[in-house]
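A, B, ... follow the sequence lines: proteins, then strands. Residue 1 opens every chain.
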Amino acid sequence: MGRVMEIVEETPYRFRIDPRDDMRVPGIAFVSRALLPDSGADKWLEQVANVATLPGIVDASYAMPDAHWGYGFPIGGVAATAVEEGGVVSPGGVGFDISCGVRLYAADLTRDELAPLKAALMDGLGEATPRGMGTGAVWKLAGRDELEDVLMGGSRYAVQEGHGTQRDLDRCEDFGAVADADARQISDRAMERGLHQLGSLGSGNHFLEVQAVESVHDEAAASAFGLRVGQICVMIHCGSRGLGHQICTDHVKTMESAMPSYGISVPDRQLACVPVRSPEGASYLGAMAAAANYARANRQLLGEATRRVFSRVTGRSLELVYDISHNLAKLETHGGRELCVHRKGATRALPPGHGDLPADLAPHGQPVLIPGSMGTASYVLRGVVGGAAFASTCHGAGRLLSRHQAIKTVDGTALQARLESAGIAIRGASPRGLAEETPEAYKDVDEVVAVAEGAGLATRVARLVPVGVVKG
DNA sequence: ATGTAC
């Protein structure tokens with residue numbers, strides 16, 4: 001399980017790995033004793049230390065409370081590099097599922113009002129949501145030219161084509177699309193994979209979930225976000241499908257061969273990286289931005305399909321609370337310097353008053369959407385003044401068992417029966433897919449979120465519980 | 001996460 005790391009407890013919610021060997025900065029993990037492996041030997045802690053060796057990294061290599069082992073970087077990792085000081089960009093710091101993220105809708109409907117319609121709603125959502133490893137998708141794109149429009153315009157293009165409203169875009173990170181997308185940096189293979197998957201959930205931990213607001217922790221913020229106790233919500237968690245995956249694969253390969261020419265060596269080949277200010281760095285960031293726009297359009301399309309079903313079955317509407325990604329690198333200004341902030345399984349959490357927030361949300365801070373594991377709670381948090389890790393927080397419960405271990409632990413069919421008897425409707429999930437996502441395979445989301453709040457990364461706004469789930 | 005390996 002990797003070498004034993006020496007950990008210094010700075011506070012009950014902040015642990016430090018001091019620089020050693022080639023580390024340029026310390027590692028900082030925002031965890032509790034309960035979330036830290038007993039022996040200090042866990043592969044993700046070693047990964048935190050490895051990331052600290054990257055050229056140009058500033059302040060620290062950070063781990064969020066839900067951190068666990070990932071490709072090169074830990075999932076739940078945050079690292080920023082100084083762009084004008086040789087700072088690098090690494091696809092491993094973004095992840096294979098570029099701009100994977102979450103969107104949350106609030107319904108004009110209570111849990112009690114839904115009860116007699118729940119089965120019909122879940123049936124409708126099950127039928128309307130393409131999912132799994134196949135190629136079914138909501139939007140049949142006209143061809144590569146239209147795919148390029150999506151890659152450049154993200155949710156804005158989807159709305160322009162009639163798939164949503166301006167109000168939706170007001171509640172999206174980056175108002176629906178990131179700048180500087182460059183479709184020319186995407187291989188033919190990645191384009192082909194993206195052509196037939198726009199408006200599809202995928203598999204793994206991706207899901208569409210009908211939820212109910214169980215409790216509100218911050219009345220003012222909840223009200224501004226459009227949330228109240230007893231209300232029905234819909235959460236959609238998905239990403240950039242095969243397109244993002246192929247882009248990551250392509251650019252890791254390119255960087256592996258380019259790295260020596262920049263004199264960069266890394267302790268793990270999965271940390272392949274190049275300077276942000278290099279042809280390969282610019283190429284990756286352009287392709288990554290295009291994949292991010294694809295992921296946003298993907299969530300917009302699935303949201304529109306959800307709205308149609310919701311309206312038909314319940315006669316009620318869905319208002320977007322927010323859409324935020326948790327796998328992305330962004331060029332941001334912090335402390336007067338331009339930084340390339342990698343967030344991998346970590347969520348941006350802008351503080352109250354931040355200029356990138358829409359006016360109605362600005363007094364309260366950015367909504368942070370935390371999907372729990374299947375059958376457990378999810379949370380809405382908000383960003384705080386004086387946060388840490390470049391205004392970042394956790395992204396979910398965080399895995400405890402590998403998919404392989406999870407399958408050995410539970411039987412998918414039995415798990416489905418258990419969830420259904422707990423009042424959680426399941427549609428479309430394969431037994432194996434369910435077993436991989438069993439709650440026992442994840443950390444306790446309540447503990448993760450409590451630590452995020454204790455560490456001063458974000459504060460709780462509302463806790464949501466599952467009513468029904470559509471999975472791949 | 002992923003046409004679960006090119």
Side-chain angles (χ1 to χ4, degrees), chain A residues 43-44 47 66-77 90-103 130-137 147 186-208 236-254 256-257 269-270 272 284 287-288 291-292 294-296 298-299 302 324-329 342-347 371 373-374 395-408 412 429-438 441-442 471-472:
Chain A
K43 284 189 293 183
W44 70 263
Q47 290 184 317
D66 53 337
H68 57 286
W69 178 85
Y71 179 90
F73 285 58
I75 295 166
S90 173
V94 171
F96 275 82
D97 193 1
I98 295 166
S99 206
C100 179
V102 182
R103 105 175 357 213
R131 59 184 180 270
M133 296 289 280
T135 54
L147 176 55
I186 299 176
S187 67
D188 287 345
R189 198 173 181 189
M191 292 290 279
E192 282 160 20
R193 292 181 70 172
L195 207 42
H196 306 291
Q197 294 186 320
L198 188 61
S200 66
L201 211 48
S203 57
N205 66 353
H206 291 163
F207 63 76
L208 182 154
I236 298 172
H237 177 205
C238 64
S240 50
R241 304 295 328 274
L243 178 123
H245 190 279
Q246 190 65 48
I247 287 171
C248 184
T249 302
D250 293 339
H251 286 261
V252 163
K253 194 176 171 191
T254 304
E256 275 178 347
S257 46
R269 66 177 293 180
Q270 294 184 350
Y284 171 70
M288 181 209 69
Y294 185 93
R296 284 113 191 271
N298 191 24
R299 291 193 285 274
L302 287 171
I324 181 82
S325 70
H326 48 232
N327 278 5
L328 204 61
H342 301 71
R343 294 187 184 87
K344 178 194 194 175
T347 313
S373 57
M374 181 178 59
H395 86 304
R399 250 188 195 282
L400 217 46
L401 305 179
S402 69
R403 295 181 184 283
H404 186 67
Q405 289 172 311
I407 293 171
K408 287 194 294 186
S430 66
R432 178 177 166 172
L434 277 176
E436 286 180 349
E437 295 301 314
T438 186
Y442 283 85
K471 285 190 67 66

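Here Arg241(A) reaches the OP1 or OP2 of dT2(B): one of its side-chain N or O atoms lies under 4.0 Å away. Taking side-chain N and O atoms only, Ser203(A) has a distance below 4.0 Å to OP1 or OP2 of dT2(B).
dT2(B) atom P lies 20 Å from atom NE2 of His404(A), rounded to whole Å. In this entry the distance linking NE2 of His251(A) with P of dT2(B) reads 19 Å, nearest Å. For the pair His245(A) NE2 and dT4(B) C1', the computed distance is 9 Å after rounding to whole Å. With rounding to whole Å, Gln246(A) atom CD is found 11 Å from dC6(B) atom C1'. In this structure, Ile75(A) places its CD1 atom 13 Å from C1' of dT2(B), rounding to the nearest Å. Distance His206(A) NE2 to dT2(B) P: 5 Å, rounded to the nearest Å. In this structure, the CD atom of Glu192(A) is 18 Å from the P atom of dT2(B), given to the nearest Å. Look at CD1 on Ile247(A): it is 13 Å from C1' on dT2(B), rounded to the nearest Å.
Contacts of Gly204(A) with the nucleic acid, taken as non-hydrogen atoms under 4.0 Å apart, involve only primed sugar atoms and P, OP1 or OP2. Here Arg189(A) lies in heavy-atom contact (under 4.0 Å) with a base. Among the protein residues, Gln197(A) comes within range of the sugar-phosphate backbone only, with heavy atoms under 4.0 Å from sugar or phosphate atoms but none that close to a base.
Using a 4.5 Å cut-off on side-chain heavy atoms (C-beta onward), Asp66(A) and Tyr442(A) make no contact.
Taking both residues in full, the closest heavy atoms of Gly345(A) and Asn327(A) are given as N-OD1, 2.9 Å, listed atom of the first, atom of the second, then distance.
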If you look only at distance, which donor and acceptor atoms sit under 3.5 Å apart when one is on a side chain in residues 236-248 of chain A and the other is two or more places apart or in another chain?
unit_1	atom_1	unit_2	atom_2	d
His237(A)	ND1	Asn205(A)	O	3.2
His237(A)	NE2	His326(A)	NE2	3.3
Ser240(A)	OG	Asp97(A)	OD1	3.3
Ser240(A)	OG	Ile98(A)	N	3.3
Ser240(A)	OG	Ile98(A)	O	2.7
Arg241(A)	NH1	Ser200(A)	OG	2.6
Arg241(A)	NH2	Gly132(A)	O	3.4
Gln246(A)	OE1	Arg193(A)	NH1	2.7
Gln246(A)	NE2	Asp250(A)	OD1	3.0

Can you give the donor-acceptor pairs under 3.5 Å from side chains of residues 70-77 of chain A to other protein atoms, not counting sequence neighbours?
none

